[in-house]
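Heads up: the structure comes next, in structure tokens.
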Amino acid sequence: MGRKSLYLLIGGILIAYYIYTPLSDNIEEPWRLMWINAHLKTIENVATFVELLGLHHIMDSLKVVWSFYEVPPTSDENVTVTETKFNNIPVRVYVPKRKSEVLRRGLFYIHGGGWCMGSAAVNDYDLLSRWTADRLDAVVISTNYRLAPKYHFPIQFEDVYNALKWFLRKTVLAKYGVNPERIGISGDSAGGNLAAAVTQQLLDDPDVKIKLKIQALIYPALQPLDVDLPSYQENSNFLLLSKSLMVRFWSEYFTTDRSLEKAMLSRQHVPVESSHLFKFVNWSSLLPERFIKGHVYNNPNYGSSELAKKYPGFLDVRAAPLLADDKKLHSLPLTYVITCQYDPLRDDGLMYVTRLRNAGVQVTHNHVEDGFHGAFSILELKISHRLINQYIEWLKENL
């Protein structure tokens, strides 16, 4: 074997080692998933290196990369796509072109991206909104919101809430031909967090007369108090979303001060005076038995009050919808929740399903045994189309 061939062989082995990740046998299209993960991992590693050099914040770098996947608001033969602002918040509006003799359903969608990146213009979100509008014969509002690290909680929450309230005005609904009795809200990941949070907030707002009929939450992030749940432990280094990256997202939502991230990873960010909140996220009593699988619940390690005083957002129900009491949950609308087996956020969704059902809310829970974080919105994968079909079918039946 010549030296050139040896170098090629070694290079091929190193590339294969970088790309290959052992996956469960039930994962569909494993090599395509590994290739997508390698692409995203490379971007994350480069962004991390740039941050270590002090040149650019990692989230700003990732945000720039996401912007390359954005597409203009182009109408097609089925859907008219426009951009406007709802109460100064940029939104993208999708309206079916075919005539309707009745008022249409309305769906308010919130994109994911860890509160730090993404937009309604990202190609996969644009396609999802087009498909939903066309197949559901619905007006879809896909909202933007200001992002970390430039903006922190509660800015993201407030942007989404203000845009939603604007949409729910009778004059706005009439303009787009939306039936005020058939309006839903949905979002994935951080967008699922925001969807759950604003849906709770609407319950106490006397200015909002129109109520949401449904909420559809796709692998939502619902609490930062305990980031050592069984799902975090089992999927700490799984593809697309690792525990460390999710904790970084949570931390950036509240502050660029990395001491919060460090405290979260060591489970020392919640002060003892907030210990009562753990009853709302106690996985030993809220997870179905099959998801506990021999895990042992350890009492939390309490930290000082300093972080909670500086960054109270991580204890705020508007950032952590799982902290809502049962009285609040009882009044929530019909709910659809997608959770994925190979997702650090799996147990957040599972606990919310349990708590909603215990509070008397009707919940349809779609647990995806071969699913992982991002499975809904990475449209290159077959699993994404399967989940979107299930999602739209549920919306057809319930919205």
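What you see is a predicted model, and the numbers here were worked out from it, not measured in a lab.
When only modelled atom types and interatomic distance are considered, E252 and H152 share no side-chain donor-acceptor pair under 3.5 Å. S129 and Y109 share no donor-acceptor pair across their side chains, judged by distance under 3.5 Å alone. Counted by atom type alone, H111 and S119 present zero donor-acceptor pairs between their side chains at under 3.5 Å. A side-chain donor from one of D348 and Q223 sits under 3.5 Å from a side-chain acceptor of the other. A donor and an acceptor atom, one from each side chain of N389 and R135, are located under 3.5 Å apart. Side-chain N/O atoms of E70 and N123 include no donor and acceptor closer than 3.5 Å. No side-chain donor-acceptor contact under 3.5 Å links Y69 and D124.
Salt bridge K150/D60: absent, no basic N to carboxylate O contact under 4.0 Å. Salt bridge status for R105 with D137: absent, with no side-chain N to carboxylate O gap under 4.0 Å.
Counting heavy atoms of neighbouring residues, nucleotides and ligands inside a 6.0 Å radius, atom CD of E83 exceeds 12 of them. Taking a 6.0 Å sphere around NE2 of H330, one finds it holds 12 or fewer heavy atoms contributed by other residues, nucleotides or ligands. Within a 6.0 Å sphere centred on NZ of K211, heavy atoms belonging to other residues, nucleotides or ligands number more than 12. When the shell of 6.0 Å around CD of E306 is examined, it contains 12 or fewer heavy atoms from other residues, nucleotides or ligands. The 12-atom threshold is exceeded at NZ of K293, counting heavy atoms of other residues, nucleotides or ligands nearer than 6.0 Å. Counting heavy-atom neighbours within 6.0 Å of N237 CG, excluding the residue itself, gives a total of 12 or less. Residue E369 places its CD atom among more than 12 non-hydrogen atoms of other residues, nucleotides or ligands, all under 6.0 Å distant.
Using cut-offs of 30° and 60° for the angle between ring planes, the F86 and Y176 rings count as tilted. Between Y391 and F376, the two ring planes are perpendicular [angle over 60°; tilted spans 30° to 60°]. Ring geometry, Y219 versus H373: the interplanar angle falls from 30° to 60°, so the pair is classed tilted.
Between the N37 side chain and the L33 main chain, no donor and acceptor come within less than 3.5 Å of each other. The backbone N or O of Y336 lies less than 3.5 Å from no partner atom in the side chain of T364, so there is not a single donor-acceptor pair. Side chain of E51 to main chain of I58: a donor-acceptor pair is present (N/O by atom type, distance under 3.5 Å, no hydrogens or angles). Judged purely by atom type and a 3.5 angstrom limit, R355 uses its side chain to pair as donor or acceptor with the backbone of A324.
Here CG of L103 is found 9.5 Å from CG of L173. Values are rounded to the nearest 0.5 Å. In this structure, Y297 OH and L229 CG are separated by 9.0 Å, a value rounded to the nearest 0.5 Å.
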Quiz item: L395 and L107: side chain to side chain contact (heavy atoms under 4.5 Å, CB included), yes or no, with the steps?
Solution: CA-CA 9 Å; L395 290 174; L107 185 69; 4.1 Å; yes

Quiz prompt | D316/R318 under salt bridge (charged side-chain N to carboxylate O under 4.0 Å, His left out): CA gap, chis, key distance, verdict | solution = CA-CA 5 Å; D316 192 315; R318 295 173 300 168; 2.8 Å; yes

Quiz item: Run the salt bridge (charged side-chain N to carboxylate O under 4.0 Å, His left out) check on R386 and E28 step by step: do they pass?
Solution: CA-CA 11 Å; R386 187 178 89 222; E28 192 176 17; 3.7 Å; yes

Exercise. Show your reasoning for whether salt bridge (charged side-chain N to carboxylate O under 4.0 Å, His left out) applies to D134 and K97.
Key: CA-CA 8 Å; D134 182 40; K97 283 188 174 179; over 6 Å; no

Quiz item: Can V198 and Y161 be said to form a side chain to side chain contact (heavy atoms under 4.5 Å, CB included), step by step?
Solution: CA-CA 6 Å; V198 298; Y161 192 66; 3.8 Å; yes

Quiz prompt | Step-by-step side chain to side chain contact (heavy atoms under 4.5 Å, CB included) determination, V368 to D370 | solution = CA-CA 6 Å; V368 188; D370 59 343; 3.2 Å; yes

Exercise. Please lay out, stage by stage, how E261 and R258 fare under the test salt bridge (charged side-chain N to carboxylate O under 4.0 Å, His left out).
Key: CA-CA 5 Å; E261 176 192 3; R258 302 280 306 265; 2.5 Å; yes

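The closest side-chain heavy-atom distance from F278 to V270 is below 4.5 Å. Counting only heavy atoms from C-beta outward, the side chains of P224 and M264 approach each other to under 4.5 Å. Looking at heavy atoms from C-beta onward, W283 lies out of side-chain contact with L350 at the 4.5 angstrom threshold.
Across every non-hydrogen atom of W250 and Y232, the tightest pair is NE1-OH, 3.7 Å.
Residues forming a salt bridge (Lys or Arg N to Asp or Glu O under 4.0 Å) with R169 (at least two apart in sequence, or on another chain): none.
Within the structure, every pair that satisfies the ring-ring contact (aromatic ring centres under 6.0 Å, His included) test and touches residues 303-326, not counting sequence neighbours, is listed here: H269-F314.
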